[in-house]
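Written out below as structure tokens is the structure these notes cover.
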Amino acid sequence: MSNLIASTAPKARQLTHEEIHDIEHEKTHYPYAQAVGLEALKIVQKYQGWVSDESLLAVAEYLKLPPDELEGVATFFNMIFRRPVGKHVILLCDSVACWMLGCDNLKAHISSKLGIDYGQTTADNQFTLIPVPCLGDCDKAPTMMVGDKTYRNLTPARIDAILAECKAHG
Amino acid sequence: MAKITVDGKVFEVDPNNNLLQELLSHKQDLPYFCWHPSMGSVGSCRQCAVIEYANDDDQRGRQVMACMTSPREGARYSMDKAHQFRAQAIESIMTSHPHDCPVCEEGGECHLQDMTVMSGHTYRRYDGKKSTHNNQNLGPFIGHEMNRCITCYRCVRYYKDYAGGTDFSVQASHNHTYFGRFQDGSLESEFSGNLAEVCPTGVFTDKVFSKVYSRKWDLQSSPSVCAACGVGCNINPGERYGTLRRVVNRFNDEVNGYFLCDKGRFGTGYVNSAQRISVNMSRSAHDARPSEITPVDAKAKLLAMKGNAIGIGSPRASLEANYALRALVGKDNFYAGVSDVEFGLLNQVIDIYQNRPVHIASIKDIEKCDAILVLGEDVTNTAARIALALRQSVKNIGKEMAARIKLPMWQDAAIRTLAMDKKSPLYILSSHATRLDDIARQVHIGSAADSARIAFAVAHVLDSSAPAVTGLSDAEMALVNSIATDLKAAKHPLVVSGTSSLEPALLNAAANIATALGNGDQRGNLALCVPEANSLGLMLLMDGSQNSLGKAMQSGARQAIVLENDLYRRAPSATVDSFLSGLQQLAVLDHLQHRTGEAANLVLASGTFAETTGTFVNYEGRAQHFYATFKPVAAIQSSAKWLCDSEFGNEPRIHILTGGAAAILPNGYKLQKLTPGADWTFAGQRAPRQHHRYSGRTVMRAHLNVHEPKQEQDEDGLMNYSMEGVPATKDATIFNSPWAPGWNSNQSLFKFQKSAGGELKQGSHGERLFDENTGAKAWYAAVVQQAAISGFAQFPIYHLFGSEELTAQSEAIQAKATGAYVALNPADVARLGLGASDGVQVQHNGAVPYLARASITPGTVGISVGLHGLNYQNMTTAGVSLNKAANWQNPKDWRASNIIVSDAGSSSAYGRGTQG
């Protein structure tokens, strides 16, 4: 049997100067370079939007970690995106308080407006919709995050405004 | 010991163990998944739940996991009261498990099946969707069916934590937890096959077996010993329809424990090879065509050579076969069938074991050691099971740290967290980077002679009466001092070396260090690896005779009997050519045809380890008995039986030959203890080789004849080739495979052990033939011969997959092997002007591909041993001239991607990054 990996198998890309700079900074907080794995993935995601195979291999090579081990970390945390996401990631809370206050309707609203279901990205790569178990904001339910901003006491109208604003500020 | 009460029954338990292990030791049926005797507890599967009561008044109790509980003196527990919880836990586990038992290879020996039945979950209420996963192609050895996974984490704990593999991990979480590689690809660990046994269900299965699958209960099995290297792991081969289907581990506390290497597990395909010599052939003249002859004629022709022929023995044939040959030709005409260099080295090993005050380390001993020096032996490739043991040795520092804070030894995850990246010291002196470098404190790359000088110096630092070495550099002295300091500070220091570097001084230096480590009654641990399954057995039969192969070839003999041996693998081709052409009559007994066999007038079909009964002596001088698994076709006989003349009654029972060998071997009387005796019966019956559920016996030949033939007879006694007899349910040394009521998988083993995970009730199989030498310290002179070298200084490189003659003929091994090559430093590659796809002309010995390896010292060259395309025996000089080969094209069997190296900066297999 010849090599099982086809020649199209992903290869590590070059990390950017910014990524290396940030990873090096994180390294100063930990006793072993290997402990920086998760932070390095977050850094890559910050710059690239998501963690591709090529990025994951690059981080593994840089930190001298087996890619298999880093993949274990990357896939364990669902906020590390191992698939491309849109420019704006919508994290809609579907936990108990938000559910009682009608998050299902909000989800239906977003889906019909953007034409995407959970886990999908709009064709123009603007929005990705993902459910999230709790944002710790139950007294102001229903809630969601878009990017790193939290939105509270949501209504369909408010959502329309938020999405429009996101699009406008692109 | 502590007394506890479980459901009203009182048990005496060891409070240092966990409750699960102790209850299993008392043969209680408490379900479990994630616990494993070799890997301790993590408490992840929730199957071994029991109720623990606070005191006599406590009626309610609280639920605890038995595997995570230290039994308290006087405490009260209940297994019964947690029955319902366990059933629910397994019901939850089973929600995503497919109902594919009928097509699953694990079916019938599935721990999950057993536990499900035991826990009482018999009806599926869940009607939701099951999670499904993509399976990966994990290479030629291991099949992957992730949908069957119950997330017990045993695989990743075994592969990563226990065996040190880096190309396997647990991914994602909750109901899409995934165990596999980053990408599809052949598993790199040399111990990947154990996944099939560690996995409690059918996620990881033996891919080689899958192709010729048979249920466990339909396999005819016997206790056997691996013939693939000098370690002597105990195995259980299984046969159906006359072909060997698979090999699984057979527990031996002191040798292989629960694990085998992949060469042993997947390397037996040659037994079924189309290239097997399955008829006996003779020819009148060298150039005549051979013609088939009957077994009776074959034997007559062979015995007619008595009195005129010399005999050449074999390190891969049984003690009995070698003894029979020796008896046939006479002691003076019996020659060792190993290379002359190896002849000297093996005699040296015996001399050290017999005459030096050292402790010969078994694998169990090795796992206890807490400071190790590996001296010029690439153990992962020459004695793989020892490499796996060394990976456990370096974890002893964690156990020591745990003991200091009174953490129980079974707390697997806690101890790992405590130790972090701390490892007990292990030093490697080698001519190239090896697969153990990742656990080494320091690796020194240098010639075998350099390594020997450093090692002699270590012995001198440890004991100033040992001979000193001069002329070491400051860096070398610093290394010497840190090795000596760590070995001295250790409770159980160990030196591992062996014959594979072909350097006599290394063995002497290893002996000096082990001697120097002796202190009063305590002797330093020493393990010397030897090349083949019976290397030491053969050499012990030589009984001090100096009849090397070289002498045989100069003996002027006109007739020779060659036992299970291809002389072209033992001596330079030209020497063998001239020896063979001088012979009038050459008889070869072997399994597969080879160059020596092609030159023979008489070729006798001889049985492999799977078809014969006999004894091997392993690297530690442990004699171990193996029983034939099945009877081969009529033309194939065991070599031992072929070689017996009327003196032994032509076809004597094997124990008569064992007894003959016993008279020659040191402590030979111990060989009698290897079996319960040839006439052993239990309740008047022998033990069966076939499972009591063996099926199809009356119909398996129905397409040929509706009459059921008589069952094959085993003249050697003890075991039947049938289901008849009393299964040795209490004696694991003569059972076909482990089984106990309710426990169909190999997990049933605890029922045969004194305590769960410990020694078998009958003790550890095998008898160690060397008495521990308690004499005064004596030293070998620190002499290292340095030949003047012109050209590149050569050293041998071994491959687990491909270097050994027989396993290399197995399809599965070939898929992981490569053809011959040389390994060079990149600077030398440039110096020789080699392009990416150029070949290297190796003196006058033909051209081979090359591999650039950063760890190889410039000016030296590693030459593959035993791989197809280059005869290492032709490399007769210490220095070799290398040139760019003209008109080169890489041969088809050159598969660089199969070579996994750990050199920094070299490209590793499968396009992955390097890992130190």
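Residue numbering restarts at 1 for every chain, and letters A, B, ... go by the order of the sequence lines.
- Proximity to chain B is absent for every atom of A:Leu70, based on heavy atoms less than 4.5 angstrom apart.
- Environment of CD in A:Gln48: crowded, with over 12 heavy atoms of neighbouring residues, nucleotides or ligands closer than 6.0 Å.
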Verdict with supporting geometry, B:Tyr178 and A:Thr75, side chain to side chain contact (heavy atoms under 4.5 Å, CB included) = CA-CA 10 Å; B:Tyr178 190 88; A:Thr75 53; over 6 Å; no
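- At a 4.5 Å heavy-atom cutoff, A:Phe77 makes no contact with chain B through either its backbone or its side chain.
- When all heavy atoms of B:Phe182 and A:Leu56 are compared, the closest pair comes out as CE1-CD2, 3.4 Å.
- Around the CD atom of B:Gln889, the shell of radius 6.0 Å holds no more than 12 heavy atoms that belong to other residues, nucleotides or ligands.
- Closest non-hydrogen pair, A:Gly72 versus B:Ser169, comes out as N-OG, 4.3 Å.
- Separating the CD atom in B:Gln183 from the CG atom in A:Leu57 is a distance of 6.0 Å, to the nearest 0.5 Å.
- Partners of B:Tyr158 by ring pair (Phe, Tyr, Trp, His ring centres under 6.0 Å), not counting sequence neighbours, listed by chain and number: B:Tyr162, B:Phe259.
- By the 6.0 Å contact criterion, CG on B:Asn175 is enclosed, its count of non-hydrogen atoms from other residues, nucleotides or ligands being greater than 12.
- Environment of NE2 in A:His17: sparse, with no more than 12 heavy atoms of neighbouring residues, nucleotides or ligands closer than 6.0 Å.
- The two residues B:Ala172 and A:Phe76 have their closest heavy-atom pair at O-CD1, 3.7 Å.
- Counting non-hydrogen atoms of other residues, nucleotides and ligands closer than 6.0 Å to NE2 of B:His868 gives a total of 12 or fewer.
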